[in-house]
Amino acid sequence: MSGTSSPGPAPDALELAALLCSKVCHDLISPVGAIVNGLEVLDDNPKPEDRDFALDLIRKSAKTASARLQFCRLAFGAAGSSGAQIDLGDAQNMAKGHIEDGKVTLTWNLPRLLLPKNRVKLLLNMLVVAQQTIPRGGTLTIDPVGEGDATIFRITSAGLNARVPQNIVDILNGTSANTVDAHAVQPYYTRLLAEACGLKVTLTLDGDKVIIAAA
């Protein structure tokens, strides 16, 4: 008997939609919950210093929720017609708003140009994968490979204890024996986007850095 495991069952279209919705809700529940908490403090007729704290919490959480919504709309949503193109400058703004959180910073070396929608969606999902390789924070550097409509991407993750999560590698390779769930749907969706673009996403350790590339 072979020592390798067969890939887990792929979700159908309805289940995939439900899993992506679950991920979006998971990303939004924390800042939205913080907004609710801040409003509850205001409802209790707080002291001036508590009121200032609550307003600051609401302000920051609303900004975070808005950034995550905009990112998710582009990374997971329809974002225009099937043949639409997306400005990489818009993608940069959304990526910075979502990913730069005080622990992770972006170095964006891509030119400002229009690319097919799925290629830009792939880039944003690659960034989410890259973020998971530096759990203690660091820098994500995004460089172009090729030019024009053929531009693809190379992301270098640098941070303390940068690592290559084997479960994500298996999902990207289509060799994971586990069923796709809400925790695994994002790298699974990344693989689907790469396949739609005729590409494959790879993670490799290069010294103390991780390279996430589409080719």
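Everything quoted here is computed from the prediction, not taken from an experiment. Numbers here simply count residues along the sequence, with the first being 1. Every heavy atom of this structure was used, including side-chain atoms; hydrogens, water molecules and symmetry mates were not.
- Nearest approach of Ser22 to Ala182, heavy atoms of both residues: CB-CB, 4.3 Å.
- Shortest non-hydrogen contact noted between Ala91 and Leu124 is O-CD2, 4.0 Å.
- Interatomic distance, Leu127 CG to Leu106 CG, rounded to the nearest 0.5 Å: 6.0 Å.
- When all heavy atoms are compared, the tightest approach of Leu113 to Gly148 is CD1-O, 3.7 Å.
- The shortest side-chain heavy-atom distance between Leu110 and Asp143 does not fall under the 4.5 Å cut-off.
- A donor-acceptor pair under 3.5 Å links the side-chain atoms of Arg191 to the main chain of Ile171, judged by distance alone.
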With side-chain contact (heavy atoms from CB on, under 4.5 Å) as the test, would you mind laying out the steps for Leu172 and Thr190 before giving the verdict? CA-CA 7 Å; Leu172 291 173; Thr190 303; 4.1 Å; yes
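- Proximity of Asn173 to Lys200: side-chain heavy atoms (C-beta onward) are separated by under 4.5 Å at one or more points.
- A distance of 7.0 Å separates OG1 of Thr141 from NZ of Lys209, quoted to the nearest 0.5 Å.
- Using modelled atom types, one side-chain atom of Lys121 and one backbone atom of Gly77 make a donor-acceptor pair closer than 3.5 Å.
- By the 4.5 Å heavy-atom criterion applied to side chains, Leu123 and Ile152 are not counted as neighbours.
- Proximity of Pro111 to Glu147: side-chain heavy atoms (C-beta onward) are nowhere separated by under 4.5 Å.
- Among residues at least two apart or in separate chains, salt bridge (charged side-chain N to carboxylate O under 4.0 Å, His left out) pairs with a member in residues 99-115 are Asp87-Arg112, Asp90-Arg112, Lys96-Glu100.
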Test side-chain contact (heavy atoms from CB on, under 4.5 Å) applied to Ile142 and Asn109, step by step: CA-CA 6 Å; Ile142 308 100; Asn109 296 327; over 6 Å; no
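- A distance of 13.5 Å separates NZ of Lys47 from CG of Asp52, quoted to the nearest 0.5 Å.
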What do the steps show when you test Leu55 against Leu42 for side-chain contact (heavy atoms from CB on, under 4.5 Å), and what is the final call? CA-CA 8 Å; Leu55 288 172; Leu42 293 180; 3.9 Å; yes
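- At least one donor-acceptor pair closer than 3.5 Å links the side chain of Asp181 to the backbone N or O of His183.
- Hydrophobic clustering (ILVMFWY, side-chain heavy atoms < 4.5 Å, transitive): Leu114 and Trp108 are in distinct clusters.
- A heavy-atom distance below 4.5 Å is not found between the side chains of Leu115 and Gln85.
- The distance from the NZ atom of Lys117 to the CG atom of Leu122 is 13.5 Å, given to the nearest 0.5 Å.
- The side-chain hydrogen bond (donor to acceptor under 3.5 Å, both in side chains) search around Glu15 returns none, not counting sequence neighbours.
- Residues Ala194 and Val201 share a closest heavy-atom pair of CB-CG2, 3.9 Å.
- Note on Ile134: it does not cluster hydrophobically with Ile211, by side-chain heavy-atom contacts below 4.5 Å among ILVMFWY residues.
- Put simply, the side chain of Thr64 does not reach to within 4.5 Å of the side chain of Ser30, judged on heavy atoms.
- With Arg68 contributing its side chain and Asp27 its backbone, the two residues share a donor-acceptor pair below 3.5 Å.
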Go through the steps for Ser157 and Thr133 under the test side-chain hydrogen bond (donor to acceptor under 3.5 Å, both in side chains), then give the verdict. CA-CA 7 Å; Ser157 299; Thr133 67; 3.0 Å; yes
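- Note that CG of Asn93 and NE2 of His98 are 14.5 Å apart. Values are rounded to the nearest 0.5 Å.
- Between Phe71 and Phe76, the ring planes are perpendicular. Angles over 60° get that label, and only those under 30° would be called parallel.
- Across every non-hydrogen atom of Val180 and Leu19, the tightest pair is O-CD1, 3.7 Å.
- Closest approach of Ile35 and Ser61 over heavy atoms only: CG1-CB, 3.5 Å.
- Residues Leu39 and Leu57 do not share a hydrophobic cluster, clusters being chains of Ile/Leu/Val/Met/Phe/Trp/Tyr side chains in contact below 4.5 Å.
- Between Ile155 and Val129 there is no side-chain heavy-atom pair separated by less than 4.5 Å.
- Without hydrogens or angle criteria, Gln186 side chain to Asn125 main chain gives a donor-acceptor distance under 3.5 Å.
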Go through the steps to decide whether Leu16 and Leu192 satisfy the test side-chain contact (heavy atoms from CB on, under 4.5 Å), and finish with yes or no. CA-CA 11 Å; Leu16 177 61; Leu192 295 183; 3.7 Å; yes
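- Leu205 and Ile212 fall within a single hydrophobic cluster, where Ile, Leu, Val, Met, Phe, Trp and Tyr are joined by side-chain heavy atoms under 4.5 Å apart, directly or via other members.
- Clustering ILVMFWY residues whenever any of their side-chain heavy atoms sit less than 4.5 angstrom apart, transitively, puts Ile29 in a cluster other than the one holding Val128.
- Between Asp206 and Thr156, every side-chain heavy-atom pair lies at or beyond the 4.5 Å cut-off.
- With hydrogens and angles ignored, the 3.5 Å screen pairs no side-chain donor or acceptor of Ser66 with any backbone N or O of Lys63.
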